[in-house]
Structure formats: structure tokens, C-alpha cells
Peer 1: 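First the structure, which I've put down as C-alpha cells, then a few questions once you've had a look.
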Amino acid sequence: MNNLKNLRGTVDLLPDQLIKWQNVEKIVLEQLKRSSIKEIRTPILEMTELFIRGIGEGTDVVSKEMYTFLDRGERSCTLRPEGTASVARALIQNGISSNPLQKLWYMGPMFRYERPQAGRQRQFHQLGVEFIGYESVRSDVEIIALAWDILKKLGIKELNLEINTLGDLSDRLNFQENFLKWLKTNKKALDLDSQNRIDKNPLRIFDSKNIQTKKILENAPRLIDFLSEKSRKRYSYLKKQLEILKIPYLENLNLVRGLDYYTHTAFEITSGSLGSQATVCGGGRYDDLIKQMGGPSTPAIGFAIGLERLILLAGKELEAPRNTDIYIINQGLISETLAMDLSRKLRNYDLLVELDLSGASFSKQFKKANKLKAKSIIVIGDDEAANKEFIIRLFDKASTENKELAISFEDDITLEKWLINNLLVK
RNA sequence: GCGGGCGUCGCCAAGUGGUUAAGGCAGCGGCUUGUGGCGCCGCUAUUCGGGGGUUCGAAUCCCCUCGCUCGCCCCA
């Protein structure tokens, strides 16, 4: 073993594992397409400033998890830790006002410099969806339903949806004033982490897992009591709609999430079978972000799904590879050329065709076809080449020796008939 | 960033101080040079994540380091 290894927290995805990835991605992308959501691709690398301003300086992601370095021009660059800030930047930069309503998705690697764990890597992958310019609660409902449906389409069970509302900016300021007062009188009773958050990010204290802090917080003022009439209505409409759509949810008043930009709706979907990294999907509304980043005032809502965690949850049935339809056994100079040509013709039928390039003995090539569980084989050797024909037959154990058919290379009609009867059925 | 566990071939592993490092799967070759699935035979770690030390002698003991893993923190 040499010392050239992958970086900590990164992994190689090998062909066998990628079968599951591709199957999962296929199902996800089909669902997005049906919902008329369009793809956007932004750079993996951005100016560090983007994330500091977009995500918030006081957040854990920015303060201790960013993959940041100086490039050759001494610019501070960061590998994106999430997608929303980049999407917002791209839209502002490319003129959001010419197209103020957009439903977008993106998929790709994200980077956070953390200690790796099950379901957590330094390079991981997210599918993100952002509804830009949509203000109505109905967009909140649609986006939660979409996240839910994607997970359901993959056959994932035991999912929990948690929701909360963070109100709008004035609700929050209103609340924070009261909350800070309360915090000052109760500061000593809180755990150290929470004490530190008082100045940086007081809302996050609600997210504390410290048992004592949790208990004390039960008597703290609650954000939900400071919501304006409008915010309150919006939230109850959301809950009512989820009930009508039969999407089960749990209200979690402590759910505030780690990024600064959220307003109103915040939600998370977790699964018990993921161990301590239970969150598979997280999202929420961010009505102020785009304006705050220098764009026009644009409401928006989105979510991100962690693909590694999604893969862990998705069923085993998605791991099965597609079997070879036709394995072409061939030997001899003329045969090789004929076989190459035939393989191209066959692939036009959307068949999975593998051409043996080994030049090994027929016996070996048969063994290979068997190992691949090829549905059928074609044999082309010197005899066949001389007769300008090839032999084709099904390769399952039942049809040994029988039903072999010799077809002329010119005879496309007979070939197509055979394919339709044997491989293209259903 | 902090705490616990672990690290023997591509994979699963036996071995816990005595020297040739079991076995299984996979892979490769053969029995069987143009016809597979079964079976049988053979090959595949000068080396036990890496470095240093203790010892006559280490995969086995000690130190450091790297990585994995679980928990905390946080998130996807």
C-alpha cells in the first residue's frame, strides 16, 4: 500500500455502488421533471465572502466548517458548504428581475470541514430545490410535499417531518427583545455553549440538546407568541394544508435550524435508521436573503436532501444492475470486424450489448458471458465469418444447445424478428 | 474541536511474543486450443495502516502518527 490516499472525509464511489446512486438519481430527477422544476448549475468554488454574507457569520457552518483557502491570486476561496447562497448569487448576477418566478433544482458536491462520521463526510452531495419569487404559503406546501414525495417515491419508510415557523423579521425582532431580557436573568443556568450564543445567535439556543438548558427553556418566552396576525395565519394555513394532503407532521417549536437566512417556515425530515445523523432533508423560507445579498426584494423557499443519507435509506432493490442483453463472443480477424459492426447495430435497439474484446478462447468467452448472466449470446468465429452469418441464442440454463439460430449479416429482418420475440418482449 | 472502539490480501476473516502469516469469497491459469453453468487442481500478503522503540525473536508489548468507526457539537 503506497501513501497516496484520498483526503480525509472523501470517498471513491465505485461502479457497483454507483448503480444505486444512478437509480436513486433517476427516480428523483423524474419527480422533479414532473413538477416542472428546472436545473441550475453554479460553480463549486466561490468567494468566501459569499457564504459569510449569505449564511451568516455566527453560524457553525461559516465559523468552523468551511473549506477555505487562498488561490494563486491571494483571493480567499471556499468550496461551497451548501447551495442556496450560490443560487441566490447566480440569480442576482444574471438579472433576476427579467424572470422573477423560478422553480430550480441543483445536485452536486458540497464541502464542510468536519470530523467524518456515518452519514457525514467532508465532501458530500446534496439535491437542492429552490422556489424563487414565490411568497404564498402554497409554495411552502408544495415544496414540503415535493420533498416528502421524493422520499416516498424511493420507498423510504419511517420518516418524520418536523415543522416550525420563525416569523418574519419584525416578529423576530419583537421576540428577540423579550428573549434577550429573559436570557440575561437566566444566563447562569444555561450551558456554556448556549451562553456563548446569546450575543452571536440567540435563536439557536432553542436547538440546544443540553437537558438542563432544555428544561429552563420551557419557561422562556416563545417565538410563536410574538407572531403577527399575518404570520400566525400563514402558519396555520400551512398546517391545515398538510393535513388535507395527508402528510403527517410534528410541530417542533425548538426547530430553528443552523443558517441565518430562514424566515417563517422551517422544516426537517429525519429518519430513525440513520443513527446520530438523522436529518435527511432540511429546508425553509428565506424571504430576506436575496435582498440582503444585494438583489431585489425576492421571497423564496427551498430544501436540501443529503444524497449519502438518501442512499443509506433507499432500499436494496435499487442496487441491482441491469443485466447484459447480448454478449458477443468472437474470435478471428474477420469476425472481430463483423462483431464490432454488429454490436453497434444492436445498440440501436436500446439493448445492453457487450462485445468481448479479449481474443481469448471460446471457452473463456462463454464463461464470461455466463458470469455476466447475459440473457443471450451471439457467436462469430471463422466458420460463421466464412458463411457471412452469426449465431444467436438465448443463454439461460433451460435453452442449452437448442434454439440456436444462424442469421445472415445482411438479414436485418430476421434479426429484428428474433430480438422482438426474445429480448424486446413486453 | 473533544471523548470511546478499531486497523491482518480487492472483500470476509484466523492468529494475542517463537518465526513457512490459516481458511473462505472474488480474481487468474489449467483439466476442457469453437461452446458456459457443476466439479477438481494450481497461483495470488517476504508481510500484518505507517514510523520508531522493547526483545535473541513482534501481526502480537510500548510510544508517535495516519485512517476508519461510534458518541458529543452541528448539519445534509
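Sequence lines set the chain letters: A, B, ... in the order given, protein chains first and strands last, and positions in each chain run from 1.
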Peer 1: What's the CE-C1' distance between A/Met66 and B/G1, to the nearest Å?
Peer 2: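 After rounding, the gap between these two atoms is 17 Å.
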Peer 1: I'd like to check A/Tyr249 versus A/Lys239 (side-chain heavy atoms, cut-off strictly below 4.5 Å). Are they in contact?
Peer 2: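 Yes, their side chains come closer than 4.5 Å.
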Peer 1: Collect all protein-nucleotide pairs involving nucleotides 26-28 of chain B in which both atoms are nitrogen or oxygen and the distance is under 3.5 Å.
Peer 2:
residue: B/G27; atom: OP1; partner: A/Lys371; partner atom: NZ; Å: 2.8
residue: B/G27; atom: OP2; partner: A/Lys371; partner atom: NZ; Å: 3.3

Peer 1: Given atom CG of A/Asn323 and atom C1' of B/G36, what is their separation to the nearest angstrom?
Peer 2: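 Computing the A/Asn323:CG to B/G36:C1' distance gives 16 Å.
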Peer 1: Between A/Ile328 (CD1) and B/G34 (C1'), how many Å, whole number?
Peer 2: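 Rounded to whole Å, this separation is 17 Å.
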Peer 1: Using the test side-chain contact (heavy atoms from CB on, under 4.5 Å), find all partners of A/Leu346 that sit at least two apart in sequence or belong to another chain.
Peer 2: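 Listed in chain order: A/Ile326, A/Ile328, A/Leu342, A/Val353, A/Ile378, A/Leu415, A/Leu419.
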Peer 1: Not counting sequence neighbours, list each pair that qualifies as a ring-ring contact (aromatic ring centres under 6.0 Å, His included) and has a residue in residues 129-166 of chain A.
Peer 2: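 Listed once each, the pairs are A/Phe131-A/Tyr134.
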Peer 1: Any salt bridge linking A/Lys153 with A/Asp149? Criterion: basic side-chain nitrogen under 4.0 Å from a carboxylate oxygen.
Peer 2: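 No, no charged N to carboxylate O under 4.0 Å.
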Peer 1: On a whole-Å scale, what distance lies between the C1' atoms belonging to B/G15 and B/U32?
Peer 2: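 Nearest-Å result for B/G15 against B/U32 at atom C1': 39 Å.
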Peer 1: What does nucleotides 71-76 of chain B look like as a protein-contact string, B for base, S for sugar-phosphate only, - for none, at under 4.0 angstrom between heavy atoms?
Peer 2: BBBBBB
Peer 1: How would you list all residue pairs meeting ring-ring contact (aromatic ring centres under 6.0 Å, His included) that involve residues 365-388 of chain A, not counting sequence neighbours?
Peer 2: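 For residues 365-388 of chain A: none.
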Peer 1: Determine which nucleotide pairs with B/C75, using a 3.5 Å limit on both distances of a Watson-Crick or G-U wobble pair.
Peer 2: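 Matched B/C75 with nothing under the 3.5 Å cut-off.
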Peer 1: How many whole angstroms separate atom CD1 of A/Ile380 from atom C1' of B/G34?
Peer 2: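 Taking atom C1' of B/G34 as the reference, CD1 of A/Ile380 is at 13 Å.
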Peer 1: Take atom P in B/A22 and the same atom in B/G42, then report the distance between them in whole Å.
Peer 2: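 It works out to 15 Å between them.
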Peer 1: Just the rounded figure in Å: distance from P of B/G34 to CZ of A/Arg393.
Peer 2: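 Interatomic distance, CZ of A/Arg393 to P of B/G34: 15 Å.
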Peer 1: Does any pair with a residue in residues 311-329 of chain A pass side chain to side chain donor-acceptor pair (under 3.5 Å), and if so which ones, sequence neighbours excluded?
Peer 2: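 Side chain to side chain donor-acceptor pair (under 3.5 Å) check on residues 311-329 of chain A returns A/Lys20-A/Glu319, A/Arg322-A/Asp325, A/Asp325-A/Lys375, A/Tyr327-A/Asp356.
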Peer 1: Using centres under 5.5 Å plus planes under 30 degrees as the test, is A/Phe362 stacked with B/G34?
Peer 2: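 Stack criterion met.
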Peer 1: In whole Å, what separates the P atom of B/G23 from that of B/C38?
Peer 2: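 The answer is 22 Å between these two P atoms.
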Peer 1: Can you tell me the Watson-Crick or wobble partner of B/C68, both distances under 3.5 angstrom?
Peer 2: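 When the pairing criteria are applied, B/G5 turns out to be the nucleotide that pairs with B/C68.
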Peer 1: Of the candidate nucleotides B/C31, B/G1, B/C68, which contains the atom at the shortest distance from the side chain of A/Tyr113?
Peer 2: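 Comparing B/C31, B/G1, B/C68 against the side chain of A/Tyr113, the answer is B/G1.
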Peer 1: Using the P atom as the point on both nucleotides, what is the distance between B/G50 and B/G67, in whole Å?
Peer 2: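 The same atom, P, in both gives a distance of 15 Å.
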Peer 1: Work out how far the P atom of B/C31 is from that of B/G17, and round it to whole angstrom.
Peer 2: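 To the nearest whole Å, 47 Å.
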Peer 1: Under 4.0 angstrom, heavy atoms only, what part of the nucleic acid is A/Gly83 near: base, sugar-phosphate, or nothing?
Peer 2: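 No contact.
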Peer 1: Can you confirm whether the side chains of A/Ser231 and A/Asp171 place a donor and an acceptor under 3.5 Å from each other?
Peer 2: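 Result is yes, a qualifying pair exists.
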Peer 1: Mind checking who B/U16 pairs with, Watson-Crick or G-U wobble, both distances under 3.5 Å?
Peer 2: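 Here B/U16 is not engaged in any pair, so there is no nucleotide opposite it.
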Peer 1: Expressed in whole Å, how much space separates the C1' atoms belonging to B/C12 and B/G3?
Peer 2: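 30 Å, rounded to whole Å.
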Peer 1: Which pairs count as ring-ring contact (aromatic ring centres under 6.0 Å, His included) when at least one residue sits in residues 250-278 of chain A, sequence neighbours excluded?
Peer 2: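 Pairs touching residues 250-278 of chain A that pass the test: A/Tyr261-A/Tyr286.
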Peer 1: Within this structure, what is the CD-to-P distance between A/Glu404 and B/U35, rounded to whole angstrom?
Peer 2: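 Nearest whole value for this atom pair: 11 Å.
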Peer 1: Sort and list the pairs that fulfil ring-ring contact (aromatic ring centres under 6.0 Å, His included) and have at least one residue in residues 14-33 of chain A, not counting sequence neighbours.
Peer 2: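 Sorted result for residues 14-33 of chain A: A/Trp21-A/His125.
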Peer 1: Taking the P atom of each, how far is B/A14 from B/G7, in whole Å?
Peer 2: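 Pairwise P distance, B/A14 against B/G7, rounds to 10 Å.
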Peer 1: Quick one: which residue pairs count as a side chain to side chain donor-acceptor pair (under 3.5 Å) with a foot in residues 376-390 of chain A, not counting sequence neighbours?
Peer 2: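 Qualifying pairs: none.
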Peer 1: Please give the nucleotide sitting opposite B/U35 as a Watson-Crick or G-U wobble pair, both distances under 3.5 Å, or none.
Peer 2: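 Its partner is none (no Watson-Crick or G-U wobble pair with both distances under 3.5 Å).
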Peer 1: With A/Ser76, which residues qualify under side-chain contact (heavy atoms from CB on, under 4.5 Å), at least two apart?
Peer 2: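 Partners of A/Ser76 under the side-chain contact (heavy atoms from CB on, under 4.5 Å) test: A/Thr48, A/Thr68, A/Leu70.
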Peer 1: Can any side-chain N or O of A/Gln365 pair as donor or acceptor with the backbone N or O of A/Lys368 at less than 3.5 Å?
Peer 2: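 A pair under 3.5 Å: no.
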Peer 1: Within residues 36-59 of chain A, find the residues that approach RNA chain B with a heavy atom at under 4.0 Å, and present them sorted by residue number.
Peer 2: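 Heavy-atom contacts with RNA chain B come from no residue of residues 36-59 of chain A; none.
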Peer 1: Tell me the partner of B/G29, counting only Watson-Crick (N1-N3 plus N6-O4 or O6-N4) or G-U wobble (N1-O2 and O6-N3) with both under 3.5 Å; none if nothing fits.
Peer 2: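 For B/G29, the partner nucleotide comes out as B/C41, under the 3.5 Å rule.
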Peer 1: Rounded off to whole Å, could you give me the CD-to-P distance for the A/Gln365 and B/U35 pair?
Peer 2: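 My rounded result for the distance is 13 Å.
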Peer 1: Is any side-chain N of the basic residue among A/Arg257 and A/Glu268 closer than 4.0 Å to the acidic one's carboxylate O?
Peer 2: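 Yes.
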Peer 1: How would you list, by chain and number, every residue that makes a side chain to side chain donor-acceptor pair (under 3.5 Å) with A/Glu142, sequence neighbours excluded?
Peer 2: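 Per chain and number, A/Glu142 pairs via side chain to side chain donor-acceptor pair (under 3.5 Å) with A/Lys103.
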Peer 1: Expressed as a whole number of angstroms, how long is the span from A/Ile329:CD1 to B/G36:C1'?
Peer 2: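 In whole Å, B/G36 C1' and A/Ile329 CD1 are 8 Å from each other.
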Peer 1: Within the structure, does a side-chain N or O atom of A/Arg8 lie under 4.0 Å from either OP1 or OP2 of B/C68?
Peer 2: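 Looking at the OP1 and OP2 atoms of B/C68, one of them is under 4.0 Å from a side-chain N or O of A/Arg8.
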Peer 1: Taking B/G10 as the reference, what is the distance to B/G49 when you measure between their C1' atoms (whole Å, please)?
Peer 2: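 About 16 Å, rounded to a whole number of Å.
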